[in-house]
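Report on the structure given below.
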Amino acid sequence: MNTNKDNPLLFASENTIFRIVSIAKIVSWIILVFYLISFVDNVRGMFGQQMSWPTELSQWPIMIANLFFAPVIGLFYFLVLQGVAQGLNLALDIYYSSQPDEVEVEVEELP
């Protein structure tokens with residue numbers, strides 16, 4: 001994959017795109033792990049008798065929403081960053097598929 005800096009369709013070098021994709025994937029997993037740790041801490045606090053349970057039926061949906069808020073937000077950020085990474089890979093695939101194939105020239109070795 002030979003990249004030409006004079007090509008107006010090329011928005012960055014291939015290595016830069018791959019680096020951004022790698023960083024986005026790593027950061028997405030780190031964010032997901034931190035939000036899951038927060039969720040586990042919330043659940044442990046519930047069952048460790050550090051939290052008072054709701055006494056009325058109308059308070060239960062709010063408690064459940066607060067409990068699952070952290071993993072849902074973490075999953076959202078995870079999916080957005082994974083989507084960015086896949087979108088950049090797709091953009092590179094589309095760019096390279098639209099470029100004409102390079103003709104390979106065979107070179108004979110001298111004895």
Side-chain angles (χ1 to χ4, degrees):
M1 295 185 183
N2 189 6
T3 58
N4 187 0
K5 294 290 183 187
D6 298 329
N7 192 343
L9 293 176
L10 190 60
F11 53 92
S13 70
E14 179 181 296
N15 291 334
T16 305
I17 299 297
F18 287 141
R19 191 172 299 125
I20 292 170
V21 167
S22 297
I23 290 171
K25 286 184 176 187
I26 291 169
V27 169
S28 70
W29 279 104
I30 291 171
I31 288 173
L32 184 64
V33 166
F34 280 132
Y35 275 101
L36 288 177
I37 289 171
S38 172
F39 172 69
V40 168
D41 188 47
N42 289 342
V43 170
R44 190 177 59 194
M46 284 177 54
F47 294 111
Q49 302 302 330
Q50 296 177 0
M51 182 183 136
S52 60
W53 291 92
T55 56
E56 296 179 17
L57 186 61
S58 63
Q59 295 173 344
W60 279 94
I62 295 171
M63 185 203 67
I64 292 171
N66 286 335
L67 176 67
F68 289 109
F69 180 75
V72 168
I73 294 298
L75 184 64
F76 172 76
Y77 288 138
F78 174 79
L79 291 175
V80 166
L81 287 171
Q82 290 288 323
V84 166
Q86 293 301 322
L88 287 172
N89 281 331
L90 180 65
L92 274 178
D93 287 346
I94 291 171
Y95 172 75
Y96 287 123
S97 68
S98 68
Q99 298 299 313
D101 292 335
E102 295 178 7
V103 177
E104 295 183 15
V105 178
E106 293 184 22
V107 178
E108 294 182 21
E109 293 183 20
L110 296 174

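These figures come from a predicted structure and were not determined experimentally.
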Shortest non-hydrogen separation from P71 to L36 and the atoms involved: CB-CD2, 4.3 Å
So CD1 of I30 and CD1 of I23: to nearest 0.5 Å the spacing works out to 10.5 Å
Would you find more than 12 non-hydrogen atoms of other residues, nucleotides or ligands less than 6.0 Å from W60 atom CH2? yes
Find the distance between CG (L81) and CZ (F76) and round it off to the nearest 0.5 Å. 9.5 Å
Within this structure, what is the CG-CZ distance for the pair L32 and F39, rounded to the nearest 0.5 Å? 12.0 Å
Answer with yes or no whether the hydrophobic clustering places L75 together with W29; edges join I, L, V, M, F, W, Y residues whose side-chain heavy atoms lie under 4.5 Å apart. yes
Parallel, tilted or perpendicular: ring planes of Y77 versus Y35, cut at 30 and 60 degrees: tilted
If Ile, Leu, Val, Met, Phe, Trp and Tyr residues are connected whenever their side-chain heavy atoms lie under 4.5 Å apart, and connections chain through other members, are I20 and Y96 in the same group? yes
By ring-ring contact (aromatic ring centres under 6.0 Å, His included), F34 pairs with (sequence neighbours left out) none
Any link between F69 and I37 through a network of hydrophobic side chains (Ile, Leu, Val, Met, Phe, Trp, Tyr) touching at under 4.5 Å? no
Can you tell me how far CG of D93 sits from CD of Q86, rounded to the nearest 0.5 angstrom? 9.5 Å
Examine V80 and V27 and state if one hydrophobic cluster contains both, with Ile, Leu, Val, Met, Phe, Trp and Tyr joined whenever side-chain heavy atoms are less than 4.5 Å apart. yes
Report the residue from V84, L90, L92 that forms a side-chain contact (heavy atoms from CB on, under 4.5 Å) with L88. V84
Are M63 and F68 connected, step by step, through hydrophobic side chains (Ile, Leu, Val, Met, Phe, Trp, Tyr) whose heavy atoms are closer than 4.5 Å? yes
